[in-house]
Every structure is written in C-alpha cells, then in structure tokens.
Amino acid sequence: MTAADPVLVEIVEGTLASVEREVETAIARTARSPMIRDAHDFRAGIHDVRLRKLTGRSYSALVQPVVRDFPVAEMNPGDVFFHNDVYLSEGGIGHLPDLCVTVPVFHRGEVVAFVQAFGHHDDIGGSCPGSMPSGARSVFEEGLMVPPIRLWDRGVPNRAALTIMTRNSRTPDSLAGDLDAECSACLMGARRLEELFDRYGREAVEDCFEAILAKTTETFRRELLARIPEGTHVWEDYAEHDGVDAPRLHAQRITLTVDHSADRPLVIDFTGTSPQARGPINHAGDYADGVFLKKWLAPILRNLAETPERMAELDVNEGVVPLIEMRFPAKGTLLTPVFPAPTNARTFVILRLLGVLAGVLAKATGGRMPADQETIRYTGVHGTGADGAPYLMREVLGGGSGGRWYADGEDTIHVVPDSRNIPVEFAESRWPLRVERLGLAVDSGGPGLHRGGLGYDKHIRMLRDASFMSVADRSILSCWGVNGGRAGRPFTVEIEGRPMEGLVDDAPVRAGEVIRIRTTGGGGWGCPLDRPAEAVAADVRDGKVSVEGARDDYGVVLHGPPGDPKVDAGATGLRRAELRGLLPEKGPFFDRGPGFPVLSGGLPYAEVDLL
C-alpha cells in the first residue's frame, strides 16, 4: 500500500458520503410502506472488499454472511443478495422484519466494494401483524426466516423467492415495492462507485479507503479514548419485561477496562448479563467477534469530544473496530441467545446497551457524559378499514435524550438516525383514525441543572373498532439522571383510562375511544436546584414544565399568568432552602427514579420482581 494523496482522500470520502446519501434518498422516494418511506426506519452502508464499513453517517448491517455463503469469486455484475435470518446474519440483523439487500461493486471484472441497505419492513409473517409478537417464545413465531440468497442473478430477479416472501406477508404490495426500491437504489449506488474506481483506479481508491479508516482509528484513540482514565469500571441497566414472564429486571452489564498502552485500549466485558429471556428481548450479538456491536456502541464515545461541535464532526466507520475488544459470556444470555430464542423486541437490549456504556463512562469520567436517553418504541393499531381490507398503522415514536454537562437534552428525538414519526396528515388520510394531539409531554424530562429532553404526548381517536399494539420498555423504570440529576418520566399508554403494558399485540380499541401515548423523558444532569430560576420560568412559559413541577422539582415559585410567569425570588429562595435540607449530604451519582425496586438481602438485581 502506498501513501494516499490527501486531496484524493477528501474526494473519495466525500463521494462515499454522497453515494450513501443518494442511495437512502432513492429508497425514501420510491418505497411504498409507511415504515420505510415515511418513518425512515432504514439504513444504507458502503463496505470495501475486506467487508469493512467505510461510511459513518449511520450504522448498517454486515456483508460477512453474504460472502460466507457466496464467495466473492462467484459473484456477478447485477447480482443482489438478500437475507433477514437473525442467527445466520453474523450479528448484523436483530429481528426478522429487518430485510437486508447487498450489491457487489465491480471494477474490471473484480469485486471491489459492496453497497448495502436494510430496513424495518411492515410485515414478514409470523403470529401477529407487524411480525413482532410480544409473547413469542420461538423465532418460528416471528415470521419468515431467509438465509443469504441470490435475489437477483445478473440483473434478473428471482421471481420464485419474491413470490414466497410476499405470500408470507400481510402487506405483500408494500413488501414488494420496498424490496424493489432497495435493490434498485443499491444497484444505482454500485454504478456510482464503479465510476469512482474507473476515474482514479483501484489502487488509488483503496489507498484512500485505508487512509479514511486509519484517520478514524487515530482520531478516536487520541481525542476520545485519551479522556478516559485507565482502570476498570462496572455499570448495569435493565430491560423490565420480556412479554412472557412477569416483569422483572433483565440485566445488561458492562465491565469497562481501559489500558492506553494496549493495542485495543478498550475492553468491554458483558459478563453478568442475565440469562436469555423466554420472551423476544434477546439479541444475537456474539457473532463475528461482536463487530456489529462495536460499531453500534462506538457513537457513545463521541460524547467525550472536547466540544459539541467537534462531536458532530466525528463519524463512526470500521476504524473504531481495532480499538475495542469485546468479551461475551457463554451461550445462553440476552446477548448470546441459543437458536431458536425469539428476538423481535431485541431493541430493549441493544438500545439499553448504549445507556449502559454511557453510564460506565460517566462513572469513569466523573459525569462528563449525558444522562440516560430514550429508547425506541413501536406503537400502532391494526384492523379492517371501511373497504373491508386489513390495515396496519405502526410508527416509531422517540422520546427525550438525557441532559448533558453543557446543555439540556433534546426533545422528541429518535435514537435511530433520521427516523421520524408518521406525519399526521398522512395518517389521517390513510387509516380510520384522527390525531387529536401531537405535542410535548409536560414534565416528562428529568429535572436537573440541565433538564432531560421531553417525550411525545400523542392522542389518537379511533374511528372504527381496532386493536392497539406496542413494543416498548421504560414503562416501569425511568431514564436515569446523572450527577445529581433526577430521572425522567416513563412511557405510558392509556385507552380511555385503561393503562396498557409496554408489550401488547391486540388490545381492543372501540370506535370513538382515544389512545393517549406519553413517551419517555431523558434523565436530568446536575442538581435541579442549581438550574437558574429564569430558565425554569422559560420552561414553564414554553410548556415544557408545569407550575407545579417548577415548585416541586426545581424549587422555583412563580406568579402571574401562565403565559408569562414571573419568578417570586423570596418564595423561591425559601423553597429551595427547604428542598436542599431534604437532600442527603452526598446524593446518589445516578438517580433511577421512584419505580426502581428497593433491594434487600443482597439479592442480585435480576432476581428482584418489579411487581
């Protein structure tokens, strides 16, 4: 390998980012399902011939399972490979609705790269609409499993395979349209990359690939990992239910060891993670040396950047992989499940791991990390429309991110990059429902010097009888606060006053009834009594904190009209002094909220029932 021309490196890096964006834009404009087209729950990625991810704007699946079953030498221009099998994806696919297509890129008759896209599709079969049965005890209940296959052969689609897949889906037209969009977009991306290789030559472009990855490795080592003191730290957090057993704490534990002199300075050990669940919250993460999880967790490290502006400049590609060693427990845990353990709600585990890594880094750095963030949830309804045809409305609803050492958390963000809620106008025109409110959930953000971000408050009135569905956690436990910050409010759903659990497949909703959804708020950072009183008044004025919340959580007493509250300085001083007197001399570094069980007798957390 020769040294890459730095100007050409910039050109190649920009081209890769542009092609990735163009692929995702093409999918969004041509897909048919609301989950892909409107909610944007899909990703694209570009990988080199050594299977390393070159782009860093978003995460993606892996190419490893494709080349394992189809050697590179046997691939042809115009081929498209497909898979969604969780246990045969080398850890790149988490649940069966995530369908993945991979296209090889050719230069002078040889494979030189790959373009890949995968997304969460509406339905791939299984025991309930949406292919995410909350009470699944086996992956066979969750839908159609497809190991890597050649879906297009030299530009010709495999009609038999497509027919089998659409026959197994409750939304065959959307599935067919989405797959066609993804295959066509990746083929277009492959043509763009072929032009790059034709213009500059394979050797020069591959030298640029090496330089791009090496830059990421060096940047993360020098700017981010150097900020973590050497030593060993432990933190764990929990999924609260699995859809089968009674709610209890399912632990995900990270023991983080930092040694700056080692080739891999960061060791992430998952020993202590709970046994695999009977329900569908398991994630098969221990394949391919955990390479998917390395790239999944690495974005948390960006919070260690010197400034928020610098953090925004840092992408995550395969360059982070050489810096991290992962150690998994033996088979049979939440992260090392044994086939055919169900996995459709594995978001409870992989998204919680982001918070666990943030928590252990907060311990290591004295709190210079955000408080706990929202985790993804799917809510929706299914039923029969006025035309007698079945329908499925499902969306990804975000929540609040955690307060940070320098700023409040963000409101109603989606932890999956670029994902969003379904537009109200689209929902009301397509399905028998009316959205009567879509706003911020007041007081949902964890109180703090820097307040946690707020969740959604959404009210949906059904116009026909239907069934409500939800795949969500943080319905019992809250997003924790850091460094004196308080926990946020948990996820709640009520149907005409009837509380729903976080995992629901088919709760009946009658015509005229209202579904009220409040998503989680992020944890707060720092003591809320230190938040400037005028900032609290501004929160009340903006509808983010109630007058009662200002008094009870922040010790700020207000007077005047709700739209223009004024701080009563004297009463605020007395109230804050009163609240400070109630604080322990040394408060907890983490606050998990009132829903967290009180432990006794030295029981491990995972053995404590929540109810």
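Model, not experiment: these values are computed from the prediction.
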Work out which heavy atom in Gly402 is nearest to a heavy atom in Pro370; give both atom names and the distance.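 It is O-CB, 4.3 Å.
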
[X]: ring-ring contact (aromatic ring centres under 6.0 Å, His included) partners, not counting sequence neighbours:
| X | result |
| --- | --- |
| Phe590 | Trp235, Trp480 |
| Phe589 | none |
| Phe270 | Phe328 |
| Phe426 | Trp431 |

Can a side-chain donor-acceptor contact be found between [Y] and [X] if the only test is distance below 3.5 angstrom?
| X | Y | result |
| --- | --- | --- |
| Ser475 | Arg377 | no |
| Glu236 | Tyr238 | yes |
| Glu20 | Thr55 | yes |
| Thr336 | Thr333 | yes |
| Glu182 | His121 | yes |
| Thr171 | Asp123 | no |

Within 45 degrees of the axis of the six-membered ring of Trp405 and under 6.0 Å from its centre: does Arg368 put its NZ or CZ there?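 Positive - Arg368 is close enough to the ring of Trp405 and near enough to its axis.
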
Would you call the rings of Trp296 and Phe292 parallel, tilted or perpendicular, where under 30° means parallel and over 60° means perpendicular?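 Rings of Trp296 and Phe292: parallel, as their planes differ by under 30°.
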
I'd like to check the side chain to side chain contact (heavy atoms under 4.5 Å, CB included) partners of Arg437; sequence neighbours left out, ordered by chain and number.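 Partners of Arg437 by the side chain to side chain contact (heavy atoms under 4.5 Å, CB included) criterion, ordered by chain and then number, come out as Asp457, His459.
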
Side chain to side chain contact (heavy atoms under 4.5 Å, CB included) partners of Ala61, counting only residues at least two apart: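 Testing Ala61 for side chain to side chain contact (heavy atoms under 4.5 Å, CB included), a comparison that skips the adjacent residues, returns Ile93, Cys100, Gln116, Phe118.
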
Just checking His283 against Phe348, ring centres under 6.0 Å apart?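 No, they do not, as the ring centres are separated by 6.0 Å or more.
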
Please tell me whether His120 and His95 form a close aromatic pair, meaning their ring centres lie under 6.0 Å apart.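 Ring centres of His95 and His120 closer than 6.0 Å.
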
Salt bridge Arg278-Asp245, side-chain N to carboxylate O under 4.0 Å: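 The answer is yes: the pair qualifies as a salt bridge.
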
So do Pro97 and Met132 actually touch side chain to side chain, heavy atoms under 4.5 Å?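 In contact.
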
